[in-house]
Amino acid sequence: MRNPCPACLELRVMSQPADPGRVPRLGELHRLLPELPELDELFEELVGRSRPDPRARWSGTGELLTVQDRQLVLAELEAAVGQARARLLARAESAFDLSVRVGSALSAGDLDEAVRAMVEVAAAEREGGRTLRAESVIAAAIHLAERGTGLDTRLDTYLAGARIARAIGDWASADTRYRALRALARDGGRPELHATALIGLGNLEVDRGRWEAASARYDEAEEVVRTLPRTRSEHWHLALNRSIVARESERLDRATEHLEVAEAVCPDPNEAGAAAVLLNARGQLLQAQGDPNRAEIAFRKALEAATTPDAKVTIGANLAEVLLARGHTLEAGEVAREAEANAIAGGVLPRLPEVYRTLARVASARQNPDAFVLFEHALGLVDRYELPRFERARTVAEYGRWELGRGESEMGLARLAEAEALFRELGCLREAESLQILMSELDAEASETGRTDDG
Amino acid sequence: MTGRLLGLIEESGEGQAEEGARAAGFRWSGARAPGAFLRELRGDPPDVVLLSLEIDGVDEHFVRAVLNEEGRTETVLLSAPGVSLDRAILARQLVSGPLLREPLDGDELARELRRRSPVTNPLRLDRLPRFVGGGEGELVGSSSAMAGVVRQIAEVGASPASVLITGESGTGKELVARALHRTSLRRDAPFIAINCAAVPETLLESEFFGHERGAFTGAVGRKRGRFERADGGTLFLDEIGDMSPVLQVKLLRALEQGEFERVGGEHPVRVDVRVLAATNRDLALKVRDGAFRDDLYYRLAAARISIPPLRERLEDLDELVPHFVRHFAGVYERELEGIDGEAMRLLRSHRWPGNVRELRNVLDQGVRASRGAWLRVEDLRIGVSAPRMSARGDTGPDGYPPTASLEEVERDHILRVLEFTGGAITEAAGILGIHRNTLARKIDRFGLRDHVRGE
């Protein structure tokens, strides 16, 4: 029987038989929760109020811990339930307010006001990490906007819609919305949004590993960005993105040039947020250039400059990777754990799969045969947060490589095949092809071994 | 006497020098002339040298020669009564720290010697023999307690009997298991380990016995379990005390019959596996409480090896510390001469609740943090209760960040006191000034029961 009522849930959790002196783990509580999206609020609240299991510190399982292993004392559990209930009620109230606002606007024939209200709600849902809900609201808003709203309203709606679709990995919808934004902005004489749309279209290609297509989009964007005042952020954003594309295409000299342009045109490169982004890009470039020592320094500075939890998680994961590459596995693990803590404290739990993949690589580098636990948790979180299928594909691909590394050929190949199919379905041809090559090589090795054995 | 001070000073100051050296725990040796001084410096390198700038022949070139021999500016002391300003400035440029006044004051010299390092009982890596076979993953320590463990390994290693290895977390149970495997006839076959506490209950059965394709969601391919992969070799089951009753039954059946079925499989799989198990729990007590099957217990505990905690074999620190320091100095590319006396004293005074694993981690972090030729106290982040410094160093006087909750501070302080008392609750309650029962409740609440010694 399922019961979505947090108050009833509270009673249900409290009625579990208690083991005196034992603090329950989050995973145990989590299993008691019905699988309802409404209870995501409660789960996030529980995670934020939990703490690492102190006994696991020296138990030998420390490097395999995940959010599910965190502990929650009774007082925090009570507070979490109360807080989640208050937030749910507030959301219900705001949903009611919205429906009144939209209904009033529609009955007054004010389509613009109705759409603006829906865009606001979608933005709030996205900010709260509820991207699927945000998508359903923004899709309705776009539908309404296309029935005849003002230019500004339509532009805002398409932009919000494109960003939300990208966040959930729905690249087809994101592409359609950015194209609509491009046409509307171009015809409406709004070059800044025209540039934003073109940069957005390029970013979608980057997401799918289509470097040449991304370059072409950014070339188009450059034509428009040139017409904008030098102080506009589009200048350095575009240069930075071009640097990323050049780096991924292994044109490292071009990547350096673009990054230097980004650093030069950034209006305030010392501003913490911009500094973090630029230093992170510098670190990635240095890593690609085979200079992990300087990459490490750049990532450390970037981490110091980072202000948002999101940036701290990403840069932390990058720093952990470079430390891992340098063989400093213990510190790599510590840094990845800090990234995990930032994701938890900052309420950006959908970033955790990325962190757990890094931790799995750390555990694997330390020959921990139980590293699969971290991959399993990463996959569990991908499912729980209905993250983009691209995220699942990346996790499954890494899991497969790990299985192969420990001699589980059949299992590893099955996982690689699943990842390859996912990448192909998503249009990420570069990743799909690299996996296909790996699988073909393994097949060839296997048949070679077979021939040797037969002979 | 734990260190040596070699001096080249006016004869009139030797009495005070000897007195000051003795007060700081140093042995004094005085040379009469620069040539004799250099010969002695090369023949038997002292821990600290003392030079008077008033001695004929002690000039810039001589001091530079001494520094080159000694290789460190921080262990050379200079004294001068009324030398010219130029000479004093030059001296300060060559050697760190203040000039000592002349005539020498024994107390001032002692203070300076104590402040500088190495002050007491340093460990010089080049003067210590390398532990035979002391690579990563080897058992290190020649205390009588460890000699007993090594003797037991030799006795039961070659037999086919299962062995139950007990010891606190971090004592090296897996190392003992690996040593047993190496001394057995199965040494050329696989050694497969699994940490039963680290693997979620839902995955453990599949990890033990493997699964067939499609046996459950996520079973993308057929997978061999650890039993199967250990065929012909050794299977090490760590943290066996945490296994669920259901899995205990399946494990017992596999051990008794030498066969099992993969999850979702229909045909039994036969294997020849020697099982070694380890636990940090009192398994006999769990058997008495009915939480662990007695038939499985006797099956696993045909022979038993108990590993002593590090606090009961502190003499092994003299081998363990250089062993780990050498290892991490290699990893982090540090040129360390040794561990200074203060640092060794700190290491010897700690109770090591996390045992060798904790020591290893402390030295890993310490070597990484070290910047000079000697590992010093300030490089060591010792004690499980020591909170991490934040990146900005914005911690309070006790090292806690301002965001630390009272509960965190309370928990860590209780843990620190329990470490100090060796886990004695009554003594800890006395120090904390609270009733024993109150402390017991807090210990349960904070999950610190593992740090309590039975009274």
Side-chain angles (χ1 to χ4, degrees), chain A residues 20-23 27 31 51 53-66 68-69 71 73-76 300 303-304 326-331 334 338 345 363 367-373 376-377 379-380 383 396 399-400 403 406-418, chain B residues 137 168-170 173-174 190 192-195 197-200 202-203 207 210-211 213 218-224 226 229 238-239 278 280 328 331-332 352-355 357-358 360-361 364-365 368 384 388 391-392 403 405 407-408 411-412 415 440-441 443-451:
Chain A
R22 191 173 162 280
V23 184
R31 279 199 288 280
R51 64 171 193 206
D53 180 355
R55 288 171 299 184
R57 198 188 292 260
W58 306 118
S59 71
T61 63
E63 68 180 4
L64 298 171
L65 296 180
T66 66
Q68 302 282 13
D69 300 297
Q71 294 184 327
V73 294
L74 192 60
E76 292 292 340
R300 283 192 194 284
L303 200 52
E304 228 167 82
R326 298 190 63 198
H328 301 174
T329 51
L330 187 88
E331 194 180 4
E334 283 174 7
E338 274 176 34
Q367 272 89 47
N368 190 329
D370 300 323
F372 74 95
V373 169
E376 290 286 345
H377 274 288
L379 284 176
D383 290 343
V396 173
Y399 198 173
E403 295 274 18
R406 66 172 190 161
E408 286 295 334
S409 315
E410 193 180 350
M411 193 72 187
L413 281 169
R415 290 203 190 281
L416 291 189
E418 184 193 340
Chain B
E168 292 178 8
S169 288
K173 295 186 284 293
E174 183 169 344
I192 302 289
I194 185 167
N195 188 320
V199 179
T202 45
L203 300 174
E207 208 46 41
H211 60 70
R213 179 189 290 267
V220 290
R222 195 177 78 173
K223 176 173 162 175
R224 293 180 313 147
R226 308 257 171 134
R229 289 169 53 208
D238 202 359
E239 308 285 10
N280 59 2
F328 291 116
V331 170
Y332 297 116
W352 300 110
N355 290 294
R357 185 182 291 128
E358 183 187 4
R360 184 185 191 282
N361 288 355
D364 182 338
Q365 286 158 342
R368 196 182 339 132
V384 292
R388 285 181 63 88
R392 294 195 184 93
T403 51
S405 69
E407 191 178 69
E408 282 172 329
R411 184 196 160 278
D412 281 356
L415 181 54
R441 274 199 301 277
I443 285 168
D444 286 340
R445 184 171 144 222
F446 292 133
L448 300 175
R449 191 48 72 178
D450 287 355
H451 297 273

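Here is the naming used below: chain letters follow the sequence lines, and residue numbers restart at 1 for every chain. Values reported hereafter were calculated over all heavy atoms of this structure, with side chains retained and with hydrogens, waters and symmetry mates removed. This structure is a prediction, so every number in the text was calculated from the model and none was measured.
Checked against side-chain contact (heavy atoms from CB on, under 4.5 Å), B:Glu168 has the following partners two or more places apart in sequence or in another chain: B:Thr171, B:Pro309, B:Arg311, B:Asn355. A search for side chain to side chain donor-acceptor pair (under 3.5 Å) contacts involving B:Asn280 returns B:Ser169, not counting sequence neighbours.
Heavy atoms of B:Glu174 lying under 4.5 Å from chain A are absent altogether. Looking at B:Arg441, neither its backbone nor its side chain comes within 4.5 Å of chain A, counting heavy atoms on both sides. Neither the backbone nor the side chain of A:Arg300 comes within contact range of chain B, judged by heavy atoms closer than 4.5 Å.
In this structure, CD on A:Glu376 lies 8.5 Å from CD on B:Glu207, to the nearest 0.5 angstrom. Rounding to the nearest 0.5 Å gives a distance of 4.0 Å between CZ of B:Arg368 and CD of A:Glu331. Note that the CG atom of B:Leu203 and the NE2 atom of A:His377 stand 7.5 Å from one another [nearest 0.5 Å].
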- Task: Applying side-chain contact (heavy atoms from CB on, under 4.5 Å), run through A:Arg406 and B:Ile192 and close with a yes or a no.
- Result: CA-CA 11 Å; A:Arg406 66 172 190 161; B:Ile192 302 289; over 6 Å; no
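Cation-pi geometry between B:Lys223 and A:Tyr399 is not met: the NZ or CZ atom fails to fall both under 6.0 Å from the ring centre and inside 45° of the normal.
The pair A:Glu408-B:Arg229 counts as a salt bridge, with a side-chain nitrogen and a carboxylate oxygen less than 4.0 angstrom apart.
Side-chain contact between A:Val373 and B:Pro200 is present, with heavy atoms from C-beta onward closer than 4.5 Å.
Considering all non-hydrogen atoms of both residues, A:Leu64 and B:Ala198 come closest at CD1-CB, 3.3 Å. The two atoms that bring B:Gln365 and A:Leu330 nearest to each other are CG-CD2, 4.2 Å, heavy atoms only. Residues A:Pro369 and B:Ala193 approach most closely at CG-O, 3.4 Å, considering heavy atoms.
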